[in-house]
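Here is the structure we will look at.
Lettering of chains follows the sequences in order, A, B, ..., and the numbering in each one begins at 1. None of these values were measured; they are calculated from a predicted model. Only this structure's heavy atoms are used, side chains among them; waters, hydrogens and symmetry mates stay out.
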Amino acid sequence: MNAAKTVWNGVREEPTALWSLIFIMAVCLGGFLAPLLSPYGPGGLDEQRILQAPGSSHWMGTDALGRDLLTRVLYGARVSMTVGIGTALIALLIGTVYGLISGYAGGNLDHLLMRIVDVCYGLPDLLIFILLSLLFGRNIAGVLVALGLVTWVRFARITRGQVLQAKEFVYVEGARAIGASHARIILRHILPNILAPVLVTLTFSVPGAILAESTLSFIGLGINDPYSDWGTSWGTLAQDGWRAMRTYPHIILFPALAIFLTILASNFLGNGLRDILDPRGGSQEK
Amino acid sequence: MLKQPRKNAIPSIPALITFFLLSSCNPFSPTGDLKTFRVNLGTEPPSLDWSLATDHASFNVIANLMVGLTEFDKNLKPAAVIAKSWDILEGGRRIIFHLRDDVLWSDGKKVQAQDFEYSWKRLLNPKTASEYAYILFDILNAEEYNQGKIDSPELVGVKASDDRTLEVHLKHPVSYFLSITTFEVTYPQRQDVIEKYGSKWTEPGNIVTNGPFLLSSWKHENEIQLTANPDFFLGKPAIDKVEMFMINEKTTALAMYEQGRIDFIDNQSIPIFEKPRMAKLPGFKAVPQLRGYYYGFVTDRRPFDDVRVRKAFSMAIDRSVFPKILHGGERPATSWIPPSMQAQNPKIGLNYNPPEARRLLREAGYPDGKGFPQVTLAYNTLEDHKTVAEAVQGMWKRNLGVLVRLENQEWKVYLKKLKTDPPHIYRSGWGADYPDPDNFMKLFTSLSGNNDTRWKNPRYDQLLESAAREFDEKRRIRLYNEAQRILCEIDVPIMPLFTTTEHTVLNPRFTGLEFNSMARLFLREVRPASR
């Protein structure tokens, strides 16, 4: 629990990280409370309010069917944040376990597992996203799995590298000497020591996933279901809007801004965390 | 005072961009060639075989490669082309076409009456499986041959009595037959070419045509190139070359127009949001179309086998919404025959009535949409169709409590899907092949290959048969009124939504492009504007 305190203190001292955290929390909360925050629904048709410019009753204006854009952006946050955080967690789970096994076992198994990672790393991401999302279908679970299956390799590499280091520490050797089981060594002695870099990687993969989901949506493979609780993702909103760029720019401006700011904030937060957790040299790498 | 310059600064950015775009299409630039005319087809034509083509993209290519017996003049009256004259005998039951002697195929042979006989019989041959076979069913024994009731094509009432004379026997006199022969599916074909190349006969190098342009290349899913036919019997066209692009994304197509890389755009290339801006450009024209936009119910499965459900869905739509969301001069319609066609009757059809729609749905066993199965509405991938579908989805949700799933496919795939694995509700449109209600109404007969609703009504078929042979206008209108009531009020296999208007912009460097209410792109008369 000491670590959590360190992080919190660190974040409080870095205003960019703090503001980024607040922003991301606000986006998550906004998505969660969308039905309470907005008097409008995310779907439907309001023929009286078609293509209204941003104003007092519609802060972000309305779209081609008269739907309130702010409401759609809020609902879109549900998809984007779920995909962002969910994908990162899936990737974390797969990648960390994989990296732990690979690094801890060493030898030929390590060699084999890492070559598989190399192959996965070499595949073009977007192509794999497209193939997998076609395979799993155009729903939130499908996108999560598709993105998770592509992003786990980064976690695997970082975890393995850290495990290789940690394995050589004296206390690990000590644990082994007194006959601790492999599971105990991994969970009690290695894992806590490699958490910091993994956590930083986690923060950085959130914006990557949001962007990937937006890209998929923008090329028409994403989530578009204005009637489910999931709403329409930001990428799909941007896709709806880009055709109107010259005549009704507000339709693309706000979803694009939401994507941009969320990704920026996640990156700032990731940078901040790295500085806090890795006081040795993180800031020089920036 | 401060506001003034700022106000000016904003429009100056688009103006600057436009300036740069326009400067790229000056006559000195290689893209500004006045001998080449470039258009956007919007999609890959599914077939250039005029016995098999069924859609707009295909016919727009064919219409520039071929000519037939007759064609429409500017008032949409049939005028002579290959036929130099015709005799109407036996009170309209027999028509004899006298053909010109100077029409050549692109390989130098003369166009003969036998080429028509072959083509028409090929269209009717059940093995050809043409969706348009029914268009010739007014000919003696044509329907019987197509339906396999007789085997011998000899009995079909079309015959070349010599090279220059084509004799047609009709089952009964029909008022619109000379309009049918303007339609591409009745154009002549070369038996030797088709038998030699089989299904590959429409590829460049194989295809033999007789029209103003020749097919010089066809890069599938990308571009078709036509070159002027120097031996065209009405004279070589003024432009040497036509490039037809297959750009599905309207924004891309519009950008290409504004960069001077396309010379003509229509609804296929103008995004909804840009329509008001296009109306201010030089060369802009709005042409109301004989084209209906409808949703069809596939009536042979639950839940749309129940007419009450179909009626409820049709009554739950406020059609006045469409011009507001599509911005293209759409005219809402509850009946099927479009404005400025005989027998058009806006009083027919189901009007917007949500309480009644809910009552019908309750009666059918789905009070407030409860227990309604998951149904799919499909459309071909296009921004306009998506907008319409989402609006309709919204109205059904609001008025019936039913949430319909939306699905879309690319055009060619979509057309195939309608035949093999249809959704519950599908989007479609129908543009007139000839300006007679017969053409619109026969789409939904039992034997029409274009009727994807799988709905059949013998009374409807019979009414259309009677209307086709009826020459008295009042009686004819009465027959069509009854048929339209069956289609749009009683059985409701379809719900008409609106009729369309085509917005077109022709680069002012060119002139002579006639875009009629049947949306055919005739490029024969296109020429550089005189300066």
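- Closest approach of Ala64(A) and Ile325(B) over heavy atoms only: O-CG2, 3.6 Å.
- Note that the CG atom of Asp318(B) and the CG atom of Leu45(A) stand 8.5 Å from one another [nearest 0.5 Å].
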Taking it one step at a time, do Glu47(A) and Arg398(B) satisfy salt bridge (Lys or Arg N to Asp or Glu O under 4.0 Å)?
-> CA-CA 13 Å; Glu47(A) 50 268 49; Arg398(B) 185 169 69 197; 3.7 Å; yes
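- Between Lys324(B) and Leu51(A) there is no side-chain heavy-atom pair separated by less than 4.5 Å.
- Between Arg243(A) and Lys250(B), the closest side-chain pair of non-hydrogen atoms is not below 4.5 Å.
- Between Thr247(A) and Glu274(B), the closest side-chain pair of non-hydrogen atoms falls below 4.5 Å.
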Side chain to side chain contact (heavy atoms under 4.5 Å, CB included) between Asp240(A) and Lys386(B): does it pass, once the steps are laid out?
-> CA-CA 10 Å; Asp240(A) 280 351; Lys386(B) 181 176 176 233; 2.5 Å; yes
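- No more than 12 heavy atoms of other residues, nucleotides or ligands shown are found within 6.0 angstrom of CZ on Phe268(A).
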